[in-house]
Amino acid sequence: MSFPLLTATAVLPAVGAIATAAVPAARRTAAKWLALVFSLATLVLAALVVVRFEPGGARYQLTESHAWISDFGVRYELGVDGIGVALLALTALLIPFVILAGWHDADPLEDSRPNRRWRPTQGFFALILMVEAMVILSFEATDVFLFYILFEAMLIPMYFLIGGFGDRAAPAQFAATTAGGGDEAAATQRSYAAVKFLLYNLVGGLIMLAAVIGLYVVAGTFSLSEIAEARASGSLSMATSTERWLFLGFFFAFAVKAPLWPLHTWLPNAMGEATAPVAVLITAVVDKVGTFAMLRFCLQLFPEASKWATPAILVLALISIVYGALLAVGQRDIKRLIAYASISHFGFIIMGIFAMTSQGQSGATLYMVNHGISTAALMLVAGFLITRRGSRLIADYGGVQKVAPVLAGTFLIGGLATLSLPGLSPFVSEFLVLVGTFSRYPVVGIIATIGIVLAALYVLVLYQRTMTGPVKAEVRTMPDLRVRELVVVAPLIALLLFLGVYPKPLTEIVNPAVEHTMSDVQQTDPKPEVEAAP
């Protein structure tokens with residue numbers, strides 16, 4: 001029996017979570033290092049998955065299949081295609097940086113007022129590793145019921161990360177407007193954000209559960225491979241209305257997770273109240289499960305319904321692009337600005353998926369990876385900035401580049417990646433999405449370019465207001481990036497530059513999987529309308 005590599009990539013961080021949580025309370029530093037070691041070991045296993053994966057080989061590789069709940073037809077089935085490999089690698093890559101960036105985020109608070117509770121360091125890092133385990137396994141699951149369990153289970157550690165470990169700048173945010181200080185108000189806001197995150201995603205998950213049960217009634221199995229074989233052989237056929245209802249049940253849950261307008265409102269609250277590393281975990285890792293599932297489950301299981309719903313989904317994606325960018329322009333809070341920018345970017349991803357072209361879907365997959373890297377770079381540097389000043393408000397900054405030039409420079413590169421500057425990796429993704437969309441839906445492609453213009457506006461205005469101009473008194477003594485912070489940011493910037501000029505390593509892995517998806521929905525790329533030369 002071959003080594004179960006896919007299982008190992010998920011089990012290792014889960015074991016790390018248990019080991020980290022078991023470290024005695026007095027040995028916080030040991031717990032941090034233990035979590036970091038397990039995350040790096042997981043990254044090594046993810047690299048082995050990438051190396052062993054053959055882009056031109058079978059659709060699902062490194063497969064594992066074992067009986068689990070036989071009475072209900074549930075199996076423990078794993079397998080990765082190119083899209084799953086790319087997102088698995090992204091997750092394993094980002095978690096060590098998340099841990100390093102949050103090195104002191106769960107340390108005990110210095111003052112001992114009753115409402116300043118002990119922050120359990122071990123629990124913070126154990127929860128991060130548990131999220132990593134569940135997300136990785138969700139990218140590998142080829143049994144629909146197994147995926148559903150992971151899709152819902154990851155909400156639990158995320159709820160505690162948002163509600164239990166808030167941004168330390170939050171009390172200062174509320175102190176000026178709340179009688180008696182800002183601690184209580186900040187805790188209330190944190191709880192509200194965590195509960196909103198949980199309720200939105202639970203409702204989506206419950207609707208998906210009904211669709212999962214309906215799929216089993218129709219297909220008699222939860223296995224993606226068995227359903228695909230039955231469809232190919234003609235032994236499985238769904239009534240049009242049944243397929244559309246099942247599609248809507250799955251898509252609704254994925255649209256909440258993605259997040260797609262108008263199901264997006266939980267994201268700004270969650271990212272605003274969470275620490276910067278947890279905000280990265282939300283938008284760069286967990287939310288990718290939603291867009292990934294649209295490709296793996298919606299298009300593969302319900303091809304006709306996917307084509308039927310495409311016009312409406314493209315409209316929602318366009319609204320997300322423009323609406324998210326417009327709200328980002330008007331934000332006064334740095335972290336909420338990045339959150340609304342992410343809503344706009346997810347609009348591009350979903351638009352690329354449902355453009356039903358190979359360029360659009362390749363671009364959407366690349367966008368998932370590149371958005372994860374660029375958002376991590378920008379949000380983590382923003383977190384370092386906020387920690388120094390103790391405020392998330394843009395108006396509280398000014399002239400930072402004169403006192404902390406390295407911090408300002410890395411913040412600028414992260415911002416330029418967010419607006420998809422040519423030469424940085426998000427540009428390749430956005431270009432492919434727009435080209436793929438325009439070739440089939442030119443009006444949609446044209447309207448989507450408004451998001452590009454607005455992105456330039458909110459990023460450059462943010463940089464101008466925080467980093468340039470007169471040096472404010474509160475930032476005169478602000479230190480520049482420290483060694484640990486440079487170790488976090490420098491590799492992310494290097495990746496943005498490398499994949500910006502040489503995206504081939506990603507496209508070689510992703511493109512064959514996209515071809516399979518296009519075959520599922522029986523779509524081919526539209527031919528250019530060019531008149532023959534006389």
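No experiment lies behind these values; they were computed from the predicted model shown.
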Next on the checklist: With a 3.5 Å distance limit and no angle check, can you tell me whether S320 reaches the backbone of W261 through a side-chain donor-acceptor pair?
Outcome noted: yes
Item to check | Closest heavy-atom pair and its distance - R484, A101 | outcome: NH1-O, 3.6 Å
Checklist outcome for this item: Contacts of D81 meeting salt bridge (Lys or Arg N to Asp or Glu O under 4.0 Å) (sequence neighbours excluded), chain-then-number -> R296
Item to check | No-hydrogen, no-angle side-chain donor-acceptor test under 3.5 Å, Q331 and Y340 | outcome: no
Checklist entry - Does R440 reach the main-chain N or O of A355 with its side chain, forming a donor-acceptor pair under 3.5 Å? => result yes
Checklist entry - Is a salt bridge present between E485 and R388, judged by a nitrogen-to-oxygen distance below 4.0 Å? => result yes
Checklist entry - Which of these passes side-chain contact (heavy atoms from CB on, under 4.5 Å) with F302: W308, F251, F247? => result F247
Checklist entry - Between the side chain of S425 and the main-chain N/O of G500, is any donor-acceptor distance below 3.5 Å? => result no
Item to check | Check: H371 main-chain N/O paired with S374 side-chain donor or acceptor under 3.5 Å | outcome: yes
Checklist entry - Would you find a donor on one side and an acceptor on the other, under 3.5 Å apart, between the side chain of K472 and the backbone of A395? => result yes
Next on the checklist: How close do V135 and S138 get, counting heavy atoms only, and between which atoms?
Outcome noted: O-OG, 2.6 Å
Next on the checklist: Run the side-chain hydrogen bond (donor to acceptor under 3.5 Å, both in side chains) test against Y200 and tell me which residues pass, sequence neighbours left out.
Outcome noted: T265
Checklist entry - Under 4.5 Å between any side-chain heavy atoms of F147 and M208, yes or no? => result yes
Checklist entry - Which atom names give the shortest non-hydrogen contact between P13 and E132, and what distance separates them? => result CB-OE1, 3.5 Å
Item to check | Exam field: side chain T283 to backbone A279, donor-acceptor pair closer than 3.5 Å | outcome: no
Checklist entry - Looking at F125, does the NZ or CZ of K32 lie under 6.0 angstrom from its six-membered ring centre and within 45 degrees of the ring axis? => result no
Checklist entry - Do Y323 and H264 have ring centroids that are under 6.0 Å from one another? => result yes
Next on the checklist: If only side-chain N and O atoms count, and only distance matters, is there a donor-acceptor pair under 3.5 Å linking Q401 with Y463?
Outcome noted: yes
Checklist entry - Is the number of heavy atoms from other residues, nucleotides or ligands within 6.0 Å of CZ (R465) greater than 12? => result no
Next on the checklist: Could you tell me if the side chain of I83 sits less than 4.5 Å from the side chain of F139, heavy atoms only?
Outcome noted: no
Item to check | Residues in side-chain hydrogen bond (donor to acceptor under 3.5 Å, both in side chains) contact with S362, at least two apart in sequence or another chain | outcome: N511
Checklist entry - Is it true that a side-chain atom of R332 and a backbone atom of I394 form a donor plus acceptor pair closer than 3.5 Å? => result no
Item to check | 4.5 Å side-chain heavy-atom contact, V50 and I509 | outcome: yes
Next on the checklist: Counting C-beta onward and ignoring hydrogens, is there a side-chain heavy-atom pair between I282 and I162 closer than 4.5 Å?
Outcome noted: yes
Checklist outcome for this item: Which of F165, F160, W103 passes ring pair (Phe, Tyr, Trp, His ring centres under 6.0 Å) with F124? It is F165
Checklist entry - Thinking salt bridges, do E273 and K196 make one under a 4.0 Å N-O criterion? => result no
Checklist outcome for this item: Nearest heavy-atom approach of F354 to M294 is CE1-SD, 4.0 Å
Next on the checklist: If we ignore hydrogens and angles and just use 3.5 Å, is the side chain of S439 paired with the main-chain N or O of G436 as donor and acceptor?
Outcome noted: yes
Item to check | Any donor-acceptor N or O pair under 3.5 Å, side chains E140, T9 | outcome: yes
Checklist entry - Which of parallel (below 30°), tilted (30 to 60°) and perpendicular (above 60°) describes F292 and F297? => result perpendicular
Checklist outcome for this item: D480 and L407 have their tightest heavy-atom pair at OD1-N, 2.9 Å
